[in-house]
Amino acid sequence: MTSVASSRATGTTRARRRALFFASLVAGVLALLAAAPLALAGIQHEFAIFSDCPLENPEVGTCIVSTTTSGEFKIGKKTVPITQPVVLQGGLTPDSPQLIPAADGNTLSKTALPVPGGIVGIELLGPLTSVTATAELAGTAEVNVVNANTAEGVAASLPLKVKLDNPALGSTCYVGSDSEPLAPQLTTGTTNPPPPNTPISGDPGEAVLSGHGKIITILHSSLVDNAFAAPGAHGCAEPLSLLIDPAVDLQTGLPAPAGENAAVLSGTLAAAGARYVKAQALLPTLGRCQKVAGVKEGKTTAFHGGYNDSGCTEENPSRFGKFEWTPGPGAANKFSGSSTTVTLETTGKTQIRCAASTTQGEYTGTKSATLGLTLTGCKLVASGEPCQSSGAASGEIRASGLNAELGFIQDIDQGGEVLASAGWDLKREPSIISGECGSAKQALLVTGSVIAPISAAEKMVSAYTLKLMQTGGKQAPESFEEAPKDTLTETLGGGPSEQAGLKATEKITNEEKLEFKVEAE
């Protein structure tokens, strides 16, 4: 049988281990725990929750998003249940619990929550049976993820003011202010309030990993405090606030001293290192991994690149690597390509087959390119009659001025292994192809876009392959990961519009070596 002393020692050891883990997280280093369950959603989609992290601040080491999905606020006589998600987000530096505001300023979501029963009994304004309460920050929030995880001390300090909304109350009716806020000191542990309140307990929740081990999410956590005071109302029904403020206070039991208020906030806390958030947001991307020049330092030659390998896949945080990543193409940004048979087929089995194709284009950014495609020897398979663009030679179809956008086809974490692939989405408005077929000059129109998977990634290459695949007019893939359907539509003659697929293997040659990066370090 385990002794009480042994149990306490074990609990203390576990708490210390959890605290050390979270201290590393705050410093921006997230550990990969192999035993933790891993999500199968797209990694970039998982990182999207941190889209408002203040990454422009170089001191931010960790991005956090806390989402309260249930619980309640009791202020004086009024209890407001949390019936809609309330989101607190921003960034943390390694040395301070102060929350750096979200990039768009929406650090605490302005979620209006109904006040049950409203505020009745204010005869001057009539019964206010429909009133909402919206919490707003009245100062700098603080978040201590170590305390949150160990159920010791203050996990979150939230200086708040609560806006009471109703047409009769006007736009300036608040409980609390910047100078006199409600100030719950939330904990996942147990509170020690003055009477008449009695101690209540929160819950640190359960940790799971996602985003290839770089996002940690605390599920089912609960933060509580019932030892804070609540000031009175002010600014209600201006210019009658001198009359209405005391009436609101009387009906709500405000001001209320410590021991008569409570906050219970249950939900999730997600956190990720800022550098991982920033790196994932850039993917997929094209650029160049190049060897840096050595620098003589005494008798040795030192290198100060950010990567150890020629593919720029192994980061060197101390910047003693021999290689550096440069986003985007260089001055030599053009490419060309060619293929043999190209087939355009609809779901109704109409086929146009071309003997060959050629491509000319240029890279215009880290995720973009422009190109022109010329198909030759194009014929309707059923009749053998040629198809061509207006003004082109017989059997020649031109698709010029195409725009290409780089995106993820797949980017998931499966059993600790990242499965990532990317492709170009080729499109042009209003159509990709227009022309005519056969002696009857049936009008040919192809609209929409098509995704061409890229064969090479994570290494510098002078050439790669675009392999477009379709079966029975259905493209594979039909969309980028977790994105809307993105396919071609063909109209021939007076027939109906049909979904179409393109089959080709286009060999692309770059003017200089480039790399497609699809995985974050």
Side-chain angles (χ1 to χ4, degrees), residues 284 286 334-347 349-363 367-381 386-389 392 395-410 419-428 432-433 435 444 446 448-481 486-490 499-516 518:
L286 69 87
K334 292 182 171 54
F335 61 87
S336 60
S338 64
S339 73
T340 52
T341 306
V342 177
T343 302
L344 179 67
E345 181 178 8
T346 72
T347 51
K349 307 304 180 183
T350 298
Q351 288 188 359
I352 297 174
R353 188 169 296 156
C354 304
S357 74
T358 56
T359 302
Q360 297 291 330
E362 64 179 62
Y363 302 108
K367 292 176 179 285
S368 60
T370 59
L371 67 148
L373 181 66
T374 301
L375 307 173
T376 55
C378 300
K379 296 180 181 181
L380 283 169
V381 172
C387 297
Q388 58 276 323
S389 298
E396 182 178 281
I397 294 176
R398 298 171 184 167
S400 59
L402 299 179
N403 295 309
E405 178 187 354
L406 196 60
F408 274 120
I409 293 171
Q410 179 178 256
L419 303 178
S421 59
W424 288 112
D425 188 12
L426 308 178
K427 62 186 73 177
R428 187 186 68 172
I432 286 184
I433 292 171
L444 171 66
V446 179
S449 63
V450 61
I451 295 172
I454 294 166
S455 65
E458 307 301 330
K459 61 182 178 180
M460 293 284 284
V461 295
S462 57
Y464 61 96
T465 299
L466 298 179
K467 188 162 186 172
L468 294 103
M469 297 168 286
Q470 69 87 31
T471 302
K474 294 292 187 77
Q475 201 73 42
E478 291 191 324
S479 66
F480 280 144
E481 185 176 65
D486 203 355
T487 57
L488 297 172
T489 298
E490 179 188 309
Q499 183 176 335
L502 192 63
K503 183 177 181 180
T505 301
E506 193 82 9
K507 295 181 179 179
I508 303 294
T509 301
N510 298 323
E511 194 174 5
E512 69 169 355
K513 283 189 175 183
L514 291 171
E515 178 177 338
F516 294 98
V518 298

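Everything quoted here is computed from the prediction, not taken from an experiment.
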Would a 4.5 Å heavy-atom cut-off, applied to side chains only, mark Lys367 and Pro284 as touching?
yes
For Gln499, run the side chain to side chain donor-acceptor pair (under 3.5 Å) check against Lys474, Glu478, Gln470 and tell me which one passes.
Glu478
side-chain contact (heavy atoms from CB on, under 4.5 Å) for Leu466 and Ile454? Distances and angles first, verdict last.
CA-CA 5 Å; Leu466 298 179; Ile454 294 166; 3.9 Å; yes
Nearest 0.5 angstrom please: Asp425 CG to Asn403 CG, how far?
10.0 Å
What side chain to side chain donor-acceptor pair (under 3.5 Å) pairs are there with at least one residue in residues 450-462, not counting sequence neighbours?
none
I would like to know whether Leu344 and Ile397 meet side-chain contact (heavy atoms from CB on, under 4.5 Å); could you show each step before the answer?
CA-CA 12 Å; Leu344 179 67; Ile397 294 176; over 6 Å; no
Taking the two cysteines Cys354 and Cys378, do their sulfur (SG) atoms come closer than 2.5 angstrom to each other?
yes
The complete set of side chain to side chain donor-acceptor pair (under 3.5 Å) pairs with one or both residues in residues 500-509, sequence neighbours excluded, reads Ser339-Glu506, Ser357-Glu506, Thr359-Glu506
Min side-chain heavy-atom separation Leu402-Thr370 under 4.5 Å:
no
Close side-chain approach of Leu371 to Leu426, heavy-atom, < 4.5 Å:
yes
To the nearest 0.5 Å, atom CD of Gln351 lies from atom OG1 of Thr346 at 8.5 Å
Using a 4.5 Å cut-off on heavy atoms from C-beta on, say whether the side chain of Cys387 contacts that of Leu380.
yes
Can you classify the ring geometry of Phe335 versus Tyr363 as parallel (below 30°), tilted (30 to 60°) or perpendicular (above 60°)?
tilted
Evaluate the side-chain proximity of Leu444 to Ile352: yes if any heavy-atom separation is below 4.5 Å, no if none is.
yes
Do you know which two heavy atoms are closest between Val381 and Arg353, and how far apart they sit?
CG2-CB, 3.8 Å
Looking at CD of Gln410 and CD of Glu481, how far apart are the two atoms once the value is rounded to the nearest 0.5 Å?
7.0 Å
Any sub-3.5 Å donor-acceptor pair from Arg428's side-chain atoms to Ser400's backbone N or O?
yes
Closest heavy-atom pair and its distance - Gly395, Pro386
N-CB, 4.0 Å
Please find the pair of heavy atoms, one from Ala500 and one from Glu490, that lie closest to each other, and give the distance.
CB-CB, 4.0 Å
Can you confirm whether Val446 sits close enough to Leu502 that some side-chain heavy atom of one is under 4.5 Å from a side-chain heavy atom of the other?
no
Under the 3.5 angstrom rule, does the side chain of Gln475 hit a backbone N or O of Met469 as a donor-acceptor pair?
yes
Closest approach of Ile451 to Leu468 (non-hydrogen atoms, all atoms of both residues):
O-CD2, 4.2 Å
Could you state the interatomic distance from CD1 (Ile432) to CG (Leu373), rounded to the nearest 0.5 Å?
9.5 Å
CE of Met460 to CG of Asn510: how many Å apart, nearest 0.5 Å?
9.0 Å
Could you tell me the separation between the CH2 atom of Trp424 and the CG atom of Leu406, rounded to the nearest 0.5 Å?
5.0 Å
